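What you see is a predicted model, and the numbers here were worked out from it, not measured in a lab. Letters A, B, ... are given to chains in the order of the sequence lines, protein chains preceding strands, and every chain is numbered from 1.
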Number of protein chains: 2
Amino acid sequence: MALSSASIANNSNNDFYADHEKLYVATDCIVFGFDEGDLKLLIFKRRVEPDSGIWSLIGSFVQLDEDVNDAARRVLKEITGLDEIFLEQSKAYGKTDRDPGYRCLSVAHYALIRIDDYDKELVESHGAYWYTLKDLPKLALDHDQMVADALSKLRRKARHQPIGFELLPEKFTIPQLQQLYEGIYQRELDPRNFRKKVLSLKVLVKLDEKDKSGSKRGAFLYRFDFEKYQELLESGYNFEI
Amino acid sequence: MALSSASIANNSNNDFYADHEKLYVATDCIVFGFDEGDLKLLIFKRRVEPDSGIWSLIGSFVQLDEDVNDAARRVLKEITGLDEIFLEQSKAYGKTDRDPGYRCLSVAHYALIRIDDYDKELVESHGAYWYTLKDLPKLALDHDQMVADALSKLRRKARHQPIGFELLPEKFTIPQLQQLYEGIYQRELDPRNFRKKVLSLKVLVKLDEKDKSGSKRGAFLYRFDFEKYQELLESGYNFEI
DNA sequence: ACAAAAGTGTTCATTCTACACCCATGG
DNA sequence: CCATGGGTGTAGAATGAACACTTTTGT
């Protein structure tokens, strides 16, 4: 049992803090994806007590020899099969009564996933599903609050940095990008003004291909120019959308 | 020793997670104050190993029966004597090697203090001092990073909500407010434009008194109108400065 | 030929920026 | 009477919001 190793460590010579109390530390991931014009969230049926069987964020305990950040990446890899995805800390949840299972602090992270990238079978094998934000069921523990907080962070962040691109496939059309932002902000945007604004950022490269899935006429595909983006960032550019 | 109570709890019936590992959880506070036209930080000489004697943020371990947020408030009360001050979570620091003392996660909080309010004797009795941001010495552990992160959060927040007022005495002049914002953003602002902007927010109440400490002519004092502020917030007003 | 989405420009209102001088007072 | 910081207004630039019609093409 891991307990014994923790106890040993707790008494070992290099523990300067042995007269203090320890807590369980977990991480929960708010995983955003974008598909069929909707912003979605990956949730699954919790398999441990308490609240077993309730819809829940994906998460895990943080191990003694593991960075909190790495724990979140481990969870994401386990469930989606994906490495190297956009992952950022949202907030720590530290109320004493937040988890009836035992005193447990959770450091929430939010992730942005290209919904065509992930390993569908792996996800399903974990009992996980993509839910549209609007249709989200009640979640376990304080996970509803975590989602609300992460969403508001995503909105703020999306307004100042072009992170929306993390949620789209490599090639995407302007109307798709607009739908994504409409999903994030939950309101409609004017197509002319939106196009003007994103093109004025000068970080989109127009391709010669068209995507005809959305219309008969087809819409030109673009890709995100990361190099240009880096350059502009370093020269202090403001990406507000 | 607290260790024994933790061990008992760890094995008790209502611990669903007993086969996982626990960590020390601490909180560190980035305490901002404003005085003599400068943005300052409250730091003290660390009194526990490792890094004893090094300048450090004020902090404490989080107890088993204590909200993380409350732990930060407790620390602030202990050192400044102040209750009910602006306190907000900054970020959790979870690297395995961040604290050579033992694996310890820290949830950093930043606080804004009216520098004429705090209990000077109490602060000094804890070996704490106010340092101007520019003159800050190297701090213990990852506390330099914590300060940098908190400062950037303070900047972002100050731009969208009038939290600057938390750092000033109840009555303040517009030039004082401007100095404060110049301290936060670390750049000079145009006095005419600044005055225009803050007055346009309609949350300042001009008083009949003047403050003559800054000039012979004296500058009118203002106070912050919290009720008006609440009203405007609820009606979806944007306080960008 | 028509339905359905893609694409394009202009005008007006608002906000931001830059900038220079007079005022009131204590010493 | 003068040095010091407090206080005021305006014009030009940039940005944001509102708004309607033409294009393409598969059916």
Mind checking which nucleotides bracket the chain A contacts on DNA chain D, 5' to 3', with an atom under 4.0 Å from a heavy atom?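 Both ends considered, the range comes out as dA17(D) to dG26(D).
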For DNA chain D, the residues among residues 199-225 of chain B that have a non-hydrogen atom under 4.0 Å from it: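 Contacting residues: Gly214(B), Ser215(B), Arg217(B), Gly218(B), Ala219(B), Phe220(B).
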Should Val107(B) and Leu105(A) count as side-chain neighbours, where that means a heavy-atom distance under 4.5 Å?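 Answer yes - side chains close enough.
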Quick one about Asp211(A) and Thr173(A) (side-chain donor to acceptor, distance below 3.5 Å, no hydrogens or angles considered), yes or no?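 Asp211(A) and Thr173(A) do not have a side-chain donor-acceptor pair below 3.5 Å.
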Hydrogens and angles aside, do Glu182(A) and Gln186(A) bring a side-chain donor and acceptor to less than 3.5 Å of each other?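 Side-chain D/A pair, Glu182(A) to Gln186(A): absent.
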Atom CZ of Phe194(A) to atom P of dA5(C): distance rounded to whole Å?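 For the pair Phe194(A) CZ and dA5(C) P, the rounded distance is 18 Å.
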Residue that, paired with Phe224(A), satisfies ring pair (Phe, Tyr, Trp, His ring centres under 6.0 Å) out of Phe172(A), Phe239(A), Phe165(A):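 That would be Phe165(A); it is the only one of Phe172(A), Phe239(A), Phe165(A) passing the ring pair (Phe, Tyr, Trp, His ring centres under 6.0 Å) with Phe224(A).
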Trp130(B) and its ring pair (Phe, Tyr, Trp, His ring centres under 6.0 Å) partner, picked from Phe34(B), Phe44(B), Tyr118(B):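 For Trp130(B), the ring pair (Phe, Tyr, Trp, His ring centres under 6.0 Å) test succeeds with only one of Phe34(B), Phe44(B), Tyr118(B), which is Tyr118(B).
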Residue pairs involving residues 133-143 of chain A (criterion salt bridge (Lys or Arg N to Asp or Glu O under 4.0 Å); sequence neighbours excluded):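 Salt bridge (Lys or Arg N to Asp or Glu O under 4.0 Å) check on residues 133-143 of chain A returns Arg98(A)-Asp142(A), Lys138(A)-Asp144(A).
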My understanding is that only residues two or more places apart in sequence, or in another chain, count here; which of them pass salt bridge (charged side-chain N to carboxylate O under 4.0 Å, His left out) with Asp149(A)?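 By the salt bridge (charged side-chain N to carboxylate O under 4.0 Å, His left out) rule, Asp149(A) matches no residue at all.
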Nucleotide by nucleotide, 5' to 3', does protein get under 4.0 Å of the base (B), only the sugar-phosphate (S), or neither (-) in nucleotides 13-21 of chain C, counting heavy atoms? ----BBBB-
Once side chain to side chain contact (heavy atoms under 4.5 Å, CB included) is applied, do any residues pair with Ser215(A), and if so which ones, sequence neighbours excluded?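 Counting only residues at least two positions away or on another chain, Ser215(A) forms a side chain to side chain contact (heavy atoms under 4.5 Å, CB included) with Arg217(A).
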Cationic tip of Lys95(B) above Tyr93(B) ring, under 6.0 Å, 45° of axis: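 No, Lys95(B) does not lie over the aromatic ring of Tyr93(B).
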Does Arg159(B) qualify as a cation-pi partner of Tyr185(B), given the criterion of NZ or CZ under 6.0 Å from the six-membered ring centre and within 45 degrees of its axis?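 Positive - Arg159(B) is close enough to the ring of Tyr185(B) and near enough to its axis.
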